[in-house]
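To start, the structure itself, in structure tokens.
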Amino acid sequence: MKKITKISAILLSSMTLVGLANAAEPGAYAGIGLGASSLKTPDSYYFNVSGANASNSRQRGGLGGRIFGGYNFNEYMGLEAGFATYANSTFKGSSNGSNSSVKYGLNAASLVAKGYLPFGMTGFNGYALGGLAEVQNQVRYSNGGVPLAVTAGLKNGTTNYYSIRPQYGLGVSYDIDQHLTTNVELSRIQGKGNVKTSASAIPNADMLSLNLGYNFG
């Protein structure tokens, strides 16, 4: 969380160097974004390891990306569709010459409403978003003989789980000129179930992204 907060501060500071512009532009737009993403998978290790040269590792969070397109009906309200991919969470265990691993990957297609709050004539706008995301949660389990430390009921191989989940977030946007807009956005897809006890559970998915959009109006 401290890392995400530091990245957010850096991105917001860089935006303040751009200058002044007009309020949010009505009309259609499209864009891309990159940033820090993470899946809320367990903090603990996944495997019980013992013996000589035994090891346990986990890696969560990393680079995520998104593409999006939408329409602002006016300077206060808009609708946006997007597709996002999140950094994998990977757990590995090695014991007595055996190796096992679990990898979670998540993609999501979303449709959200956005409400803007212009900050006077500064060119900056705060906004909130809320809607639904169709989530594909992919679980890859390689059973090499190292026993699991959790009771998730994982199946050996690759399994995809699908669900429609709520998505919400906050952001700050800035219109560089009539056609170019940049924003910093923090969003969450709300998961369901307990990843430790259910293989079909959907982890919370968070992303802090820096985005660049083109306004067609």
message: Are more than 12 heavy atoms, taken from residues, nucleotides or ligands other than Glu134, located less than 6.0 Å from that residue's CD atom?
response: no
field: Main-chain N/O of Gly145 paired with Asn143 side-chain donor or acceptor, under 3.5 Å
entry: yes
query: Do Leu117 and Met77 belong to the same hydrophobic cluster, where Ile, Leu, Val, Met, Phe, Trp and Tyr are linked whenever their side-chain heavy atoms lie under 4.5 Å apart, directly or via other members?
result: no
- request: Report the C-alpha separation of Ser142 and Asn156 in whole Å, then their side-chain angles, then the decisive distance to 0.1 Å, and conclude whether the side chain to side chain donor-acceptor pair (under 3.5 Å) test is met.
  value: CA-CA 6 Å; Ser142 176; Asn156 198 33; 5.1 Å; no
field: ILVMFWY network linking Leu106 to Val112, side-chain heavy atoms under 4.5 angstrom
entry: no
- prompt: Between Arg60 and Tyr104, is any pair of side-chain heavy atoms under 4.5 Å apart?
  reply: no
- prompt: Side chains of Ser100 and Phe91: does their closest heavy-atom pair fall under 4.5 Å?
  reply: no
field: Tyr76/Tyr116 aromatic ring centres below 6.0 Å
entry: no
query: Around Leu63, counting heavy atoms of other residues, nucleotides and ligands shown, do more than 12 lie under 6.0 Å from its CG?
result: yes
message: Tell me whether Val102 shares a hydrophobic cluster with Tyr161, the cluster being built from Ile, Leu, Val, Met, Phe, Trp, Tyr side chains joined at under 4.5 Å.
response: yes
statement: Closest non-hydrogen contact found for Ser98 with Gly144 is CB-O, 3.2 Å
- request: Kindly indicate, with the supporting measurements, whether the criterion side chain to side chain contact (heavy atoms under 4.5 Å, CB included) is fulfilled by Thr182 and Leu210.
  value: CA-CA 7 Å; Thr182 185; Leu210 176 62; 3.8 Å; yes
field: Ring center gap for Phe124 and Phe119 short of 6.0 angstrom
entry: no
query: Are Val146 and Leu148 in one and the same hydrophobic cluster, where Ile, Leu, Val, Met, Phe, Trp and Tyr link if side-chain heavy atoms are under 4.5 Å apart?
result: yes
- request: Return the minimal non-hydrogen interatomic distance between Gly62 and Ala87, and the atom names on each side.
  value: N-CB, 3.4 Å
- prompt: Between atom CD of Gln167 and atom OG of Ser110, what is the distance when rounded to the nearest 0.5 Å?
  reply: 4.5 Å
field: Given Val184, Asn211, Asn183, the one that forms side-chain contact (heavy atoms from CB on, under 4.5 Å) with Ser173
entry: Asn183
query: Under 4.5 Å between side-chain heavy atoms, hopping through other hydrophobics if needed: is there a path connecting Ile67 to Leu79?
result: no
Side-chain donor/acceptor of Asn194 to backbone N/O of Lys196, under 3.5 Å: yes
- line: Between the CZ atom in Phe68 and the CG atom in Leu111, the distance rounded to the nearest 0.5 Å is 14.5 Å
field: From CZ (Arg188) to CE (Met207), nearest 0.5 Å
entry: 13.0 Å
message: Any heavy-atom pair between the side chains of Thr159 and Gln138 that's under 4.5 Å?
response: no
field: Asn56 vs Asn48 side-chain heavy atoms within contact, under 4.5 Å
entry: no
message: Can you tell me how far apart OG1 (Thr41) and NZ (Lys103) are? Round to the nearest 0.5 Å.
response: 12.5 Å
Shortest non-hydrogen contact between Ala128 and Leu170, atoms and distance: CB-CD2, 3.8 Å
message: Angle between ring planes, Phe47 versus Tyr141, binned at 30° and 60°: parallel, tilted or perpendicular?
response: parallel
- request: Write down the atom of Ala199, the atom of Gly153, and the distance for their closest heavy-atom approach.
  value: CB-O, 3.6 Å
- prompt: For Asn53, does the CG atom have more than 12 heavy-atom neighbours from other residues, nucleotides or ligands under 6.0 Å away?
  reply: no
- prompt: Atom CD1 of Ile32 and atom OH of Tyr214: how far apart are they, to the nearest 0.5 Å?
  reply: 14.5 Å
query: Given side chains that start at C-beta, do those of Asn204 and Gln190 come closer than 4.5 Å, heavy atoms only?
result: yes
field: Arg58 and Asp43 ion-paired at < 4.0 Å
entry: no
- request: For the pair Ser209 (side chain) and Gly33 (backbone), establish whether a donor and an acceptor sit closer than 3.5 Å, ignoring hydrogens and angles.
  value: no
statement: Closest heavy-atom pair, Asn107 versus Phe83, reported as atoms and distance to 0.1 Å, is CB-CZ, 3.8 Å
Candidates Leu132, Ile189, Asn137 - the one meeting side-chain contact (heavy atoms from CB on, under 4.5 Å) with Arg165: Ile189
Atom pair CD (Gln136) and CD1 (Ile202), whose distance is rounded to the nearest 0.5 Å: 10.0 Å
Minimal non-hydrogen separation, Tyr71 against Tyr29, with atom names: N-CE2, 3.6 Å
